[in-house]
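Below you'll find the structure, written out as structure tokens, and then a few comments.
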Amino acid sequence: MYSVPLFNLVAAMGYSSIWANRKKLPPLVPLGALGTLLSSFCMTLGFLYVSMYNYPGGEAFRALHAIVPMGTQVTVHVGVEPAMTGVSRFGELRSDWVYSKEEGLAPGSRAMMRYQYLLVSATEYGHYAESHDVVGKAKGFSKIVLSGSGFPVRQVLEDKVLVLRRRKSLEPS
């Protein structure tokens, strides 16, 4: 209901008319109108809560900056999924770091080994299991399921973006 302003205008006019004529209408009509407003408000809050988990790339980027000590020069490669889910130039907090969003690099390739840290999709971890350690994870929204107890629905989160560090044994000498 909140997506198209014209619909909002028509709905507001309808609610206003119902409220202005509430004494002339059957009691269920104004109560029904208030019920739809309340349910719309609750749904908006629910969508807002779920949308907090739509940007795992940004969360992983923040975690990377918290993990690496200040004054440490590093090279970071940002994969496609993290770049699409919250990693942006605004998050590049350290001027002494080299950030890369170079595209077309094959997962697990020698070109990827140039970077000390990688932000990659969790589905790509198999390519790096032998060469990198997981030092951070960011969960993201997966789905909504019906719950058997308590609140009738719940969201399911899963690891979406990983922060990987190249193993010391693989550092160039």
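- Proximity of a side-chain donor or acceptor of Thr85 to a complementary backbone N or O of Tyr55 within less than 3.5 Å is not detected.
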Got a list of side-chain donor-acceptor pairs under 3.5 Å for residues 60-70, not counting sequence neighbours?
from: Arg62; atom 1: NE; to: Glu59; atom 2: OE2; distance (Å): 3.2
from: Arg62; atom 1: NH2; to: Glu59; atom 2: OE2; distance (Å): 2.6
from: His65; atom 1: ND1; to: Phe61; atom 2: O; distance (Å): 2.8
from: His65; atom 1: NE2; to: Tyr99; atom 2: OH; distance (Å): 2.7

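- Not a single donor-acceptor pair under 3.5 Å links the side chain of Arg166 to the backbone N or O of Tyr117.
- The local environment of NZ in Lys137 is sparse, with at most 12 non-hydrogen atoms from other residues, nucleotides or ligands closer than 6.0 Å.
- Grouping Ile, Leu, Val, Met, Phe, Trp and Tyr by side-chain contacts under 4.5 Å, direct or through others, puts Tyr115 with Leu105, Met112, Leu118, Val120, Tyr125, Tyr128, Val134, Leu162, Leu164.
- When the salt bridge (Lys or Arg N to Asp or Glu O under 4.0 Å) test is applied to Arg114, the partners found at least two apart in sequence or on another chain are Glu102.
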Do any side-chain atoms of residues 18-26 form donor-acceptor pairs under 3.5 angstrom with protein atoms, and if so which ones, sequence neighbours left out?
from: Asn21; atom 1: ND2; to: Ser17; atom 2: O; distance (Å): 3.0
from: Arg22; atom 1: NH1; to: Trp19; atom 2: O; distance (Å): 2.7

Under 3.5 Å, sequence neighbours excluded: what are the donor-acceptor pairs made by side chains of residues 152-161?
from: Glu158; atom 1: OE1; to: Ser142; atom 2: OG; distance (Å): 3.3
from: Glu158; atom 1: OE2; to: Lys160; atom 2: NZ; distance (Å): 3.4
from: Asp159; atom 1: OD1; to: Lys139; atom 2: NZ; distance (Å): 3.1

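- Of all the heavy atoms in Arg167 and Asp133, the pair that sits closest is NE-OD1, 2.8 Å.
- Here the OG1-CG distance, from Thr36 to Leu38, works out to 9.0 Å after rounding to the nearest 0.5 Å.
- Within the 3.5 Å criterion, the main-chain N or O of Asp96 finds no donor-acceptor partner in the side chain of Gln73.
- A donor-acceptor pair is defined here as one N or O able to donate and one able to accept, closer than 3.5 Å; no such pair exists between the side chain of Ser40 and the backbone of Leu37.
- Going from atom CE of Met43 over to atom CG of Leu45 covers 11.5 Å, rounded to the nearest 0.5 Å.
- When atom types are taken as modelled, the side chain of Ser121 and the backbone of Glu81 share no donor-acceptor pair closer than 3.5 angstrom.
- Every residue meeting the side chain to side chain donor-acceptor pair (under 3.5 Å) condition with Arg89, not counting sequence neighbours, appears here in chain and number order: Glu92.
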